[in-house]
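Below is one structure, written out as structure tokens, with a few remarks after it.
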Amino acid sequence: MKIGNQEIARILEDIADYLEMQGVAWKPAAYRRAAGGIAGLNQEVAAVYGAGGLKALMGVPGVGEAIALKIEELVKTGRLKYYDKLRKAVPVDLAGLSRVEGLGPKRIYFLYKKLKVKNLKDLERAVRSGKVQGLKGFGEKSGERIAKGLDFAKGSGKRFILGHVMPELEEIERRLRSVKGVKKATLAGSSRRMKETIGDADFLVVASDPEKVMDAFTKMPDVSRVLAKGDTKSMVRLASGLQVDVRVVPDGSYGSALNYFTGSKEHNVALRTMAEKRGWKLNEYGLWRGDKFLAGRTEEELYKAFGMEYVPPEMRENRGEIDLALAGKLPDIIGYGDLKGDLQTQSEWTDGEASIAEMAGAAIRAGLEYMAVTDHTKRLAMTHGLDEKRLAKQGKEIDELNAKYRKQHAKFRILKGTECDILKDGSLDLPDRALAGLDVVGVSVHSHFDLPRREQTERIIKAMKNPNVDILFHPTGRLIGKRPAYDVDMRAVIAEAKRTGTVLEIDALPERADLSDEYVRECVRAGVKMSIDSDAHAAGHFGFLKYGIAQARRGWATRADIINTYPLAKLLKFLGR
DNA sequence: GCCGTTTTCGGCCCGACTGTTTTCAGTCG
């Protein structure tokens, strides 16, 4: 009965598609905006409605009276008569069919009318039997394209985790830069904004010979299909399934094009609206007053022309950054080189792959000054979690390593820590006397993910109240694409963190990215400190830290908000050690 | 259907690419 935000957003998207089939103007866009507004909410729609009724629903971006009434019906009854009626008239699997490349609402409707295609299975049959080819508007190529799109749609249509695809994207950037005649080549789009997941990737190129760029791009070894190849724009699908686009733009428009293709769409729309209000025009070719070019060679120039501070890509979501940039009051967000240490790492003492010495070596190479060893505790038997005795033994090994660093006059220091399990009742997996002897105590949930919200929240809060506890690791427990966050009242957790001085972690492991950017924002607002940790289980994992920093930047965190930007002495003082 | 320092009407981003179009529709980003 209880209906979630994603479900409501999906229904609104479906309604948009149905309206588009009928050729209705503007409404589809309105429903899609509302769906976006719902999907981006940090709170359950049902809770919003419960607290403030219709009025509160209308406060959601893109939701007006008519859509608020529909949401009310959905929340109250779990159904929507208007939607049921649309669906009955054209009973097709919209979500499935629209994942097929080249199929939008109009063609889905057409195929339903002509061939009674309702889902991917029907479509496959229709294409195989050659019924699609020859229909008005569908030729040989269309049939081929749909057949190929089908294979892909059946498998996925999913989003990609940033940290998983970034190495390949960086490689493509290098390749593009090495093409003869290329002056500039840059990753744009959501991956430049460092969103935790991306749907596709965009590159922008300035080149004297665009054709060469297109040839090189479409012939890269990891390209599985060329979706389009033109003079200024090409699109390919990689073997991984990721779609990558490249555009060649004139040098004089590089900044405005980069801005345009970096997005977000919402940020760009706000900029464009601002331009229009001043009687200017902004597009991917530049900022114009009539025929006069005002700016656009670089992004810096563009923002300056608006009288704004430069807005870092990670902040471009139209969540208030534009007003702050206009006022010259953008926060000085943390930079990619600002971390001095890492406060969550695992070693071969439990489920890590490397010895403490090897991990420390990698941390030093990553430019860090300290690293906490935080192996699991005994409750996680499958990782050979540490009990009090083994923890003490591990402490000796760390003392010896630190003594060696001191002798070598190395600045590096290993901190004794733990990732102590929070048990079902909120008590901890190690006795207080063991925790008291450590430099840094992290706690986390690894079991009983399905407790009811109140119980889960109270469990976590109880652990935070233990005076030995410094950090709550991966606070919501989500694994992107695999497991949702456990049901926990994060507002209450953040409030408790403020009260107890508990640090909330931004776990940088790409599939965790936990806290999310929205929660980082709330912590910044609440004055709750955070740490950015790699959760490294191997020497190569310190590279994840940059994704954690990105998440912090997307949440507008400054160095002061992140405790492992502090030099060691200041950190130890903060931890009360 | 939404929204508002052009506010209760009249706008709403629009350019590129593809296929099959004889001048443009559909899709995508």
Item to complete: Check whether any side-chain nitrogen or oxygen of Q243(A) sits under 4.0 Å from OP1 or OP2 of dC28(B), and answer yes or no.
Response: no

Item to complete: Using atom types as modelled and distance alone, determine if a side-chain donor or acceptor of D514(A) lies under 3.5 Å from a backbone N or O of T476(A).
Response: yes

Item to complete: Please list, chain by chain and in numerical order, all residues satisfying side-chain contact (heavy atoms from CB on, under 4.5 Å) with A95(A), sequence neighbours excluded.
Response: D93(A)

Worksheet item: By side-chain contact (heavy atoms from CB on, under 4.5 Å), which residues pair with A188(A), not counting sequence neighbours?
Response: D202(A), L258(A), F261(A), T262(A)

Worksheet item: In whole Å, what is the span from the NE2 atom of H267(A) to the P atom of dC13(B)?
Response: 16 Å

Item to complete: Return the value, rounded to whole Å, for the distance between atom CE of M274(A) and atom P of dG4(B).
Response: 16 Å

Worksheet entry | Rounded interatomic separation in angstrom, taking CG from L57(A) and C1' from dC3(B) | 17 Å

Worksheet item: Side chain of I67(A): nearest nucleotide among dG29(B), dC2(B), dG15(B)?
Response: dC2(B)

Taking only N/O atoms, report every protein-nucleotides 10-12 of chain B pair under 3.5 Å with atom names and distance.
{"from": "dC12(B)", "atom 1": "N4", "to": "W26(A)", "atom 2": "NE1", "distance (Å)": "2.9"}

Worksheet item: In this structure, which one of L19(A), I11(A), D17(A) forms a side chain to side chain contact (heavy atoms under 4.5 Å, CB included) with Y31(A)?
Response: L19(A)

Discussion item. The criterion is side-chain contact (heavy atoms from CB on, under 4.5 Å); which residues satisfy it with Y49(A), sequence neighbours excluded?
Written reply: L57(A), E72(A), V75(A), K76(A)

Worksheet, complete the sentence: Taking for S142(A) and for P61(A) the nucleotide of DNA chain B with the nearest heavy atom, the one nearer the 5' end belongs to P61(A)

Worksheet item: Which part of the nucleic acid, if any, lies within reach of D202(A) when heavy atoms closer than 4.0 Å are counted: base, sugar-phosphate only, or nothing?
Response: sugar-phosphate

Pull out every protein N or O sitting under 3.5 Å from an N or O of nucleotides 22-26 of chain B, one pair per line with the distance.
none

Worksheet item: Expressed in angstrom and rounded to an integer, what is the separation of I38(A) atom CD1 from dG1(B) atom P?
Response: 16 Å

Worksheet item: Taking the side chain of D245(A) as its heavy atoms from C-beta onward, which of dG29(B), dG1(B), dT6(B) lies nearest to it?
Response: dG29(B)

Response to the item:
In Watson-Crick or G-U wobble terms, with both distances under 3.5 Å, the base opposite dC17(B) is dG26(B)

Worksheet item: How would you label the contact of K281(A) with the nucleic acid (heavy atoms, under 4.0 Å): base, sugar-phosphate, or nothing?
Response: nothing

Fill in: With T558(A) via side-chain contact (heavy atoms from CB on, under 4.5 Å) - residues at least two apart
P331(A), A560(A), D561(A)

Worksheet item: What does G137(A) touch in the nucleic acid at a heavy-atom separation under 4.0 angstrom: a base, only the sugar-phosphate, or nothing?
Response: sugar-phosphate

Worksheet item: Would you call the rings of W288(A) and F293(A) parallel, tilted or perpendicular, where under 30° means parallel and over 60° means perpendicular?
Response: perpendicular

Worksheet entry | Listed partners of D231(A) passing salt bridge (Lys or Arg N to Asp or Glu O under 4.0 Å), at least two apart | none

Item to complete: Considering non-hydrogen atoms only, spot the tightest contact between W556(A) and E321(A) and give its length.
Response: CH2-N, 3.7 Å

Worksheet entry | The single option from E511(A), K195(A), M194(A), Q551(A) passing side chain to side chain contact (heavy atoms under 4.5 Å, CB included) against L162(A) | M194(A)

Worksheet item: Rounded to whole angstroms, how far apart are CZ on F203(A) and P on dG29(B)?
Response: 16 Å

Worksheet, complete the sentence: From CG of N268(A) across to C1' of dC14(B) the rounded distance in Å is 12 Å

Item to complete: Using a heavy-atom cut-off of under 4.0 Å over every strand shown, decide if K27(A) touches base, sugar-phosphate, or nothing.
Response: base

Worksheet entry | Residue pairs, two or more places apart or on separate chains, that pass side-chain hydrogen bond (donor to acceptor under 3.5 Å, both in side chains) and touch residues 293-307 of chain A | R192(A)-E299(A), N259(A)-Y303(A), H267(A)-Y303(A), R297(A)-E301(A), E299(A)-Y310(A), E299(A)-R316(A), Y303(A)-R316(A)

Practice prompt. Sticking with atom C1', work out how far dT21(B) lies from dG26(B), rounded to a whole angstrom.
Written response: 12 Å

For residues 210-221 of chain A, which side-chain N or O atoms pair as donor and acceptor with protein atoms under 3.5 Å away, sequence neighbours left out?
{"from": "D215(A)", "atom 1": "OD1", "to": "K229(A)", "atom 2": "NZ", "distance (Å)": "2.6"}
{"from": "T218(A)", "atom 1": "OG1", "to": "M214(A)", "atom 2": "O", "distance (Å)": "2.7"}
{"from": "T218(A)", "atom 1": "OG1", "to": "D215(A)", "atom 2": "O", "distance (Å)": "3.3"}

Worksheet item: Under 4.0 angstrom, heavy atoms only, what part of the nucleic acid is F138(A) near: base, sugar-phosphate, or nothing?
Response: sugar-phosphate

Worksheet item: Of Y285(A) and K141(A), whose closest DNA chain B nucleotide lies nearer the 5' terminus?
Response: Y285(A)

Discussion item. Among residues at least two apart in sequence or on other chains, which ones pass side-chain hydrogen bond (donor to acceptor under 3.5 Å, both in side chains) with E314(A)?
Written reply: Y336(A), R553(A)

Practice prompt. Using the P atom as the reference point in each nucleotide, state the distance between dT8(B) and dG15(B) in Å, no decimals.
Written response: 29 Å

Fill in: Residues from residues 218-233 of chain A lying under 4.0 Å of DNA chain B - heavy atoms
A228(A), K229(A), G230(A), D231(A), T232(A), K233(A)

Discussion item. Taking any heavy-atom pair under 4.0 Å as a contact, classify Y260(A): base, sugar-phosphate, or nothing.
Written reply: base

Item to complete: With sequence neighbours excluded, give me every salt bridge (charged side-chain N to carboxylate O under 4.0 Å, His left out) pair touching residues 268-279 of chain A.
Response: none

Practice prompt. Between dT7(B) and dC12(B), how far apart are the P atoms? Round to whole Å, please.
Written response: 15 Å

Item to complete: Send over the distance from K277(A) NZ to dT7(B) C1', rounded to a whole Å.
Response: 11 Å

Discussion item. Whole angstroms only, please: what is the CZ-C1' distance between R272(A) and dC14(B)?
Written reply: 8 Å

Discussion item. Does E144(A) reach a base, just sugar-phosphate, or nothing at all? Heavy atoms under 4.0 Å.
Written reply: nothing

Item to complete: Pick the P atom in dC2(B) and in dC13(B), then give their distance to the nearest Å.
Response: 16 Å

Worksheet item: dT18(B) and dT23(B): how far apart are their C1' atoms, nearest whole angstrom?
Response: 15 Å

Worksheet item: Given the P atoms of dC14(B) and dC9(B), what is the spacing between them in whole Å?
Response: 25 Å

Discussion item. Among dC13(B), dG1(B), dG19(B), which nucleotide has an atom closest to any side-chain atom of K265(A)?
Written reply: dC13(B)

